Amino acid sequence: MGSPIAGKVAVVTGAASGIGKEIAHTLAKAGARVAIADLNLEGAQSVADEITLAGGTALGVAMDVTDEEAVNAGIARVVEQLGPVDILVSNAGIQIINAIEDYAYADWKKMLAIHLDGAFLTTKAVLPHMYKSDDAGQSRGGVVIYMGSVHSHEASPLKSAYVTAKHGLLGLARVLAKEGGKHGVRANVVCPGFVRTPLVEKQIPEQAKTLGISEEEVVKKVMLGQTVDGIFTTVEDVAQTVKFLCEFPSNALTGQSVVVSHGWYMQ
Ligand code: NAD
């Protein structure tokens, strides 16, 4: 049997790299028509080309998720080229680590803008399409997934802005779950442990320097020390979880967070 998301239109932000890229490929393999929205248009276009080459339907879209006009223009382009949006995966993110006393206010604002403003603005732009009703008064409905983190539930030193933003996404998802329920719109948060993407590779030497330990110790103790098996979560683990939530057929699963972390955090 085909996937229930075959033919649906999905927007994945930050999908030129890492976790978002794998999500875009996975949803496209299930038959979704996928927009790869990223600051890095060249990267987005190359992911779209890979999907098209593999027989899927994809579109690369330039989008800075912190810029309301750019978000609205990007979503309008998706609607024009692929059709009204059924699935939003708000995934774009960066990491800036520092102790609170040394954390630049500009960095704090940048972090909250990408993770929280980005989630809000993309959600606001897609909801009119999901809430739109047919002649029988039935809303089209849809799925919104926010890329949280174990840091939506746990804290780590040096990550004040990241932990604050990732906790904030739980609040946004819960409000959208309550507002969107009557329109058939579900909202959930996927919370990965450490995944070896460019975002994490960059942190290993940075954390070693700030914490005064070796890079090997950062990986073994800081990143994987609290997992049940010392193993990194993979992009595939996260993408399969997103796909499961996209395919789930009812509001039974809404306003939740699903932690994918080799047991680092257990809810
Ligand atoms: P990544 O660096 O590989 O990819 C992030 C993508 O986001 C890049 O393509 C980048 O161009 C894009 N981006 C950055 N700022 C943007 C903006 N303003 N507008 C649009 N796109 C923008 O990172 P990743 O590890 O794949 O992270 C993806 C998401 O997963 C992030 O939200 C991150 O916090 C979350 N996450 C990552 C891990 C991990 O261990 N890698 C763990 C938990 C959660």
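This structure is a prediction, so every number in the text was calculated from the model and none was measured. In each ligand, atom 1 is the first atom listed, and ligand 1 is the first ligand listed.
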According to the salt bridge (charged side-chain N to carboxylate O under 4.0 Å, His left out) rule, which pairs have a member within residues 75-103, sequence neighbours left out?
Asp86-Arg140
Give the residues near ligand 1 by chain and number, with the criterion being a heavy-atom distance under 4.0 Å.
Gly14, Ala16, Ser17, Gly18, Ile19, Asp38, Leu39, Met63, Asp64, Val65, Asn91, Ala92, Gly93, Ile94, Ile114, His115, Met147, Gly148, Ser149, Tyr162, Lys166, Pro192, Gly193, Phe194, Val195, Thr197, Pro198, Leu199, Val200
Closest non-hydrogen atom pair between Asp64 and Val71, with its separation
O-CG2, 3.7 Å
Please check if any side-chain donor atom of His183 sits under 3.5 Å from a side-chain acceptor atom of Ser139, or the reverse.
yes
Between Glu247 and Ser3, does any side-chain donor sit less than 3.5 Å from a side-chain acceptor?
yes
Are the side chain of Asn251 and the backbone of Gly181 linked by a donor-acceptor contact shorter than 3.5 Å?
yes
With a 3.5 Å distance limit and no angle check, can you tell me whether Ser152 reaches the backbone of Lys166 through a side-chain donor-acceptor pair?
yes
